[in-house]
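Quick one: structure below, then a few questions.
Order of appearance sets the numbers: ligands from 1, and atoms from 1 within every ligand. Predicted, not measured: the structure shown is a model, and the values here were computed from it.
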Amino acid sequence: MAKTHSDIGLVGLAVMGQNLALNIADHGFRISVYNRTVEKTDKFVAENPNTPGGLVGSKTLADFVASLAKPRKVVILVQAGKATDAVIDGLVPLLAKGDIIIDGGNALWTDTIRREKQLREKNLRFIGSGVSGGEEGARFGPSLMPGGEFAAWKELQPIWEAIAAKVDGKTGKPIAGAKPGQPVSGGVPCTTHIGENGAGHYVKMIHNGIEYGDMQMICEAYALMSGLLGLKAEEMGEIFSEWNRGALDSFLIEITADILKQKDPANKRKAFVDIVLDTAGQKGTGKWTSTNALDMGVPAPTIAEAVFARCISAIKDERVAASKILKGPSKKYRGSKKALIKAIHDALYCSKICSYAQGFQLMRTAQQEYNWKLNFGEIAQIFRGGCIIRAAFLQKITEAYARDPNLANLLLDPYFNKMVKQAQENWRKVVSLAAECGVAAPTFSSALAYYDSYRSARLPANLLQAQRDYFGAHTYERTDKPRGKFFHVDWPEPTRPQLEA
Ligand code: 2AM
């Protein structure tokens, strides 16, 4: 018997919204759709007449809400910020107790916390769900990171699990057919209840911060191979393909290999990457991650460096002008090409471990701050399919948290510890060569500084604290007295420059 009501509704028919709606309909759920501009709804429904679940287009928000089975589930996919609030404000008077709004946009997690609280006061439920994987992911299997009340999640779970990417439960590998174009069932869905209120959007933000790090680290490997060895794009493409068969096996390495092998569509003799202008944009989630790291006092320098690397890329004109004035070293690398390529691989791998360690440290601190209970092994597992940072490496993180759910830092896990131990000589070699030859490697070098700081029982902060005591009477603790006891030295008045009479 045909359904009288839709299983779920979706507001916002830009590409992400359309693709997620089609993914839901493909899995047999009837879905109502609404868009502020009605023509978009009509066109979308007319273009997709035969989905397994069925698409129902509504011209008004009231008709849209009336078409949904109770408790109503409404997914919003509009721009994060004001548009999301506007849509929520429009929906609230039309909804009834227990109905659920699901925000699938890239919301700031603190907005999600606020919205969840406001809607709870109105007896409505709110799930802030990270949706990762871009347009392809939304269409054929994203990684989904829902946060909110657990009972509300249980209502959404069958749909979210059906449409999410799937990975093999044992190996964590995306299962065959989980690739774009082939919806599948079976396997472990890349979605899990992340935690209360803003936890899902928080974890999505960290995912994006990690993604910024991964992308920049790959760019540094490329810059070093090009700058130190003079390799051409095509040759580097082959190297990345090779790396993609080993420990670095990941979506981003795979697409990098493809990009480097691509020819310029306008001039087939040129490599595509060589004609792309070197200024990178950003939408803000990497910045949010870094700002949050500063706010919470959690060291995440590698992720922040990746954001700053985009910022410095953006001041192209200034850089072009500076390049004519500021000189660097003329030293050239003269050693073995093969050895350096291996060393760059190892530097990338070690830096990646540090960047992920920082991302997971952020989640660990945030869970205390917001009283969430995060399952880090599961989070790494759902990053394994659908999303941009999907990588073989994530299975190792899942395994690390299975060994010790309270792991203080990924670097301390025996597997990652062993990997860094084996590879760090190469990592150091690459960072020092980069410095000697004048190739910027901000994330490689900041990751190494993070590693060296984290493994230091004693940092030069003793001197720093003494300076603070000197000029600001900020006091200091002593190495030979219990922690928490504070001392102060009566320093002499600092000598000040004498003003001429
Ligand atoms: P539109 O097609 O009417 O512009 C991405 O921009 C999506 O968000 C689009 O579907 C867009 O609808 C929708 N959107 C943006 N601002 C909105 C608002 N204030 N209210 C409702 N939908 C909005």
The closest protein heavy-atom partner of atom 13 (C) of ligand 1 is V78 CG1, 3.6 Å
TODO: Can you pull out the closest protein heavy atom to atom 15 (C) of ligand 1? Residue, atom name and distance to 0.1 Å, please.
DONE: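 Ranked first by proximity to atom 15 (C) of ligand 1 is Q79 OE1, 3.5 Å.
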| field | Proximal ligand 1 atoms for A14, defined as those under 4.0 Å from one of its heavy atoms | value |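 Those qualifying, in numeric order: 5 (C), 10 (O).
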query = Which residue owns the protein heavy atom closest to atom 18 (C) of ligand 1, what's the atom, and how far is it?
reply =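 Its nearest protein heavy-atom neighbour is R36 NH1, 3.3 Å.
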query = Is it the case that K396 places NZ or CZ above or below the six-membered ring of F416, under 6.0 angstrom from the centre and within 45 degrees of the axis?
reply =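 K396 over F416 ring: no.
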Under a 4.0 angstrom heavy-atom cut-off, which atoms of ligand 1 come close to A86?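 Those qualifying, in numeric order: 19 (N).
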For N35, the ligand 1 atoms with a heavy-atom partner under 4.0 Å come out as 1 (P), 2 (O), 3 (O), 9 (C), 10 (O), 12 (O)
Regarding R390 and the six-membered ring of F383, is the cationic atom NZ or CZ under 6.0 Å from the ring centre and inside 45° of its axis?
-> no
Residue, atom and distance of the protein heavy atom nearest atom 1 (P) of ligand 1 read T37 OG1, 3.4 Å
Exercise. For the pair D7 and K73, find out whether any cationic side-chain nitrogen is under 4.0 Å from an anionic carboxylate oxygen.
Key: no
(Q) Closer than 4.0 angstrom, basic N to acidic O: yes or no for D278 and R319? (A)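 Salt bridge flag = yes for R319 with D278.
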Practice prompt. Could you tell me whether D214 and K352 have a side-chain N and a carboxylate O separated by less than 4.0 Å?
Written response: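 Salt bridge between D214 and K352, a charged N being under 4.0 Å from a carboxylate O: yes.
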Plane angle bin for F240 and W243 - parallel if under 30°, tilted between 30 and 60°, otherwise perpendicular:
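Taking F240 first and then W243, their aromatic rings stand perpendicular (interplane angle over 60°).
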Q) Taking the six-membered ring for Trp, are Y401 and F376 parallel (under 30°), tilted (30 to 60°) or perpendicular (over 60°)? A)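 Ring orientation of Y401 relative to F376: tilted.
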the protein heavy atom lying closest to atom 21 (C) of ligand 1 turns out to be V87 CG2, 3.5 Å
Check: Taking only heavy atoms of A83, which atoms of ligand 1 are found under 4.0 Å from at least one of them?
Finding: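 Taking each heavy atom of A83 in turn, ligand 1 has 15 (C), 16 (N), 17 (C), 19 (N) under 4.0 Å.
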When you compare ligand 1 with L13, is there at least one nitrogen or oxygen pair between them that comes in under 3.5 angstrom?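 Yes; at least one N/O pair falls below 3.5 Å.
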- prompt: So, D111 and R114, do they make that salt bridge, N to O below 4.0 Å?
  reply: yes
Under 4.0 Å between heavy atoms, the region of K40 that gets near ligand 1 turns out to be side chain
Ligand 1 atoms nearer than 4.0 angstrom to some heavy atom of G12 are 10 (O)
